[in-house]
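Both ligands and their constituent atoms are indexed starting at 1 by order of listing. Positions are given from 1 along the sequence.
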Amino acid sequence: TPSLATTFLDLPLTNPLMNASGVWCSVASQLEALLESESGAMVTKSCTLEPRDGNPEPRYRVLDGNKPWGSINSMGLPNEGFPYYLRYTERHDYETKPLFISISGLTLDDNLAMVDSLKDAVTPAILEVNLSCPNVPGKAQLGYDFDAMDTLLAEVTSGYGQRQLGVKLPPYFDIAHFDEAAAILNRYPSVAFVTCINSIGNALAIDINSESVIIKPKDGFGGLGGDYVLPTALANVNAFFRRCPEKAVIGCGGVKSGQEAFLHLLAGATLVQMGTALYEEGPGIFARVKAELLSIMAQKGYENLSDFQGKLKTL
Ligand SMILES: O=C1NC(=O)NC(C(=O)O)N1
């Protein structure tokens, strides 16, 4: 029977599935549910130095009805503040599964302060620096400002003592941008992984009956997730898989079954994150998607993930 076992940064995982930062991972009860779930790993909600309430509600909506399936969100980085998640890293059971901690400082100094505390904590948690939150009013996405991204990576990798870390990238839509972002990332060997993609920022969902937007923040503009973003997510996974051979890619975007998880792995992902689908289904989704992925592998005669991981064919 096929196996979903894999490794990430030399850590063994029972399977490649995990949550996307921000979904089912903001408070201890959610983190405990992820620990108990069948995910192979888990990540905390991107935190800021201080606790944040985030944007006014409604700030998350599933886009259902007769449209393709997805979500729009403008949460605005609501979180319990960095110390809360640092404390969680100190009591996580690392034997059960690896833990990632996501940070999204509102300033470079805030990011450096969190990185410095993490370096001193010498925690097994894996750092994922979020360069791509599209929903804090007045805050541009770092991943779209290449100079600022370069400066942040120089300071953060140095501040983290060149310990391995990763970055959560926004989706790019131009080959020249894949080239430029990868060229910057490849100058930082301690950036050991990239997570592609964050939501497609600043989409607008409109309800025809009310003739109104459906989320409150930013006049209805918010990050898109779900089916809508799968082709863009696969493109970003494969673009960075091709351009960053020394780094691992974590796939995120449009995964709701074994099928999309298989596609992300084929495109080059080592691990696969779920956001919208997890938000709607809950942590039981991991058992379902695991079974679906195993079934697809069995049908195709694959024993291990390495039999097809990164082996996307071109014409
Ligand atoms: O990085 C993020 N991506 C999103 O789609 N939403 C959240 C947020 O708004 O907090 N952050």
Side-chain angles (χ1 to χ4, degrees), residues 18-27 30 42-63 69-82 84-85 100-107 110-111 114 127-145 148-149 152 165-172 181 193-205 213-230 232-233 236 250-256 273-280:
M18 63 183 289
N19 65 305
S21 176
V23 182
W24 221 283
C25 58
S26 296
V27 293
Q30 293 173 325
M42 55 190 273
V43 58
T44 59
K45 164 71 185 174
S46 294
C47 63
T48 47
L49 203 48
E50 309 294 333
R52 273 176 68 84
D53 291 337
N55 294 338
E57 296 180 331
R59 59 191 185 183
Y60 171 91
R61 277 281 180 272
V62 175
L63 304 172
W69 191 75
S71 67
I72 187 166
N73 93 84
S74 186
M75 312 303 280
L77 287 177
N79 74 93
E80 303 293 321
F82 173 69
Y84 182 97
Y85 301 100
F100 293 70
I101 176 169
S102 173
I103 66 171
S104 188
L106 297 177
T107 65
D110 281 7
N111 273 318
M114 291 187 277
L127 174 58
E128 183 181 87
V129 182
N130 185 353
L131 304 181
S132 44
C133 177
N135 300 322
V136 177
K139 283 278 169 196
Q141 295 181 68
L142 262 167
Y144 290 150
D145 178 341
M149 181 164 98
L152 176 134
L165 58 83
V167 292
K168 177 73 168 285
L169 295 175
Y172 298 100
F193 68 94
V194 296
T195 303
C196 299
I197 59 175
N198 209 316
S199 57
I200 295 180
N202 296 294
L204 183 61
V213 303
I214 62 176
I215 55 172
K216 186 176 175 79
K218 294 175 54 180
D219 294 329
F221 285 69
L224 208 51
D227 293 358
Y228 298 104
V229 310
L230 180 64
T232 295
N236 279 261
I250 299 181
C252 185
V255 180
K256 64 179 182 185
Q273 298 183 344
M274 287 189 278
T276 301
L278 169 61
Y279 192 111
E280 294 305 313

Taking all atoms of both residues into account, what is the closest heavy-atom pair of Q30 and W24, and its distance?
CB-O, 3.4 Å
Does some side-chain heavy atom of L152 sit less than 4.5 Å from a side-chain heavy atom of V129?
yes
Y228 vs L63 side-chain heavy atoms within contact, under 4.5 Å
yes
E50 side chain reached by L106 side chain, heavy atoms, under 4.5 Å:
no
Angle class for the Y60/Y279 ring planes (parallel below 30°, perpendicular above 60°, tilted otherwise)?
parallel
Is there a side-chain contact between M149 and Y144 (heavy atoms, below 4.5 Å)?
no
Pairs of nitrogen or oxygen atoms, one from ligand 1 and one from the protein, closer than 3.5 Å: please tabulate them with distances.
residue: ligand 1; atom: 1 (O); partner: N130; partner atom: ND2; Å: 2.9
residue: ligand 1; atom: 1 (O); partner: N198; partner atom: ND2; Å: 2.9
residue: ligand 1; atom: 3 (N); partner: N198; partner atom: OD1; Å: 2.8
residue: ligand 1; atom: 5 (O); partner: N73; partner atom: ND2; Å: 2.8
residue: ligand 1; atom: 5 (O); partner: S199; partner atom: OG; Å: 2.8
residue: ligand 1; atom: 6 (N); partner: N73; partner atom: OD1; Å: 2.9
residue: ligand 1; atom: 6 (N); partner: N135; partner atom: ND2; Å: 3.1
residue: ligand 1; atom: 9 (O); partner: M75; partner atom: N; Å: 3.2
residue: ligand 1; atom: 9 (O); partner: G76; partner atom: N; Å: 2.9
residue: ligand 1; atom: 9 (O); partner: N135; partner atom: ND2; Å: 2.8
residue: ligand 1; atom: 10 (O); partner: K45; partner atom: NZ; Å: 2.9
residue: ligand 1; atom: 10 (O); partner: L77; partner atom: N; Å: 2.7

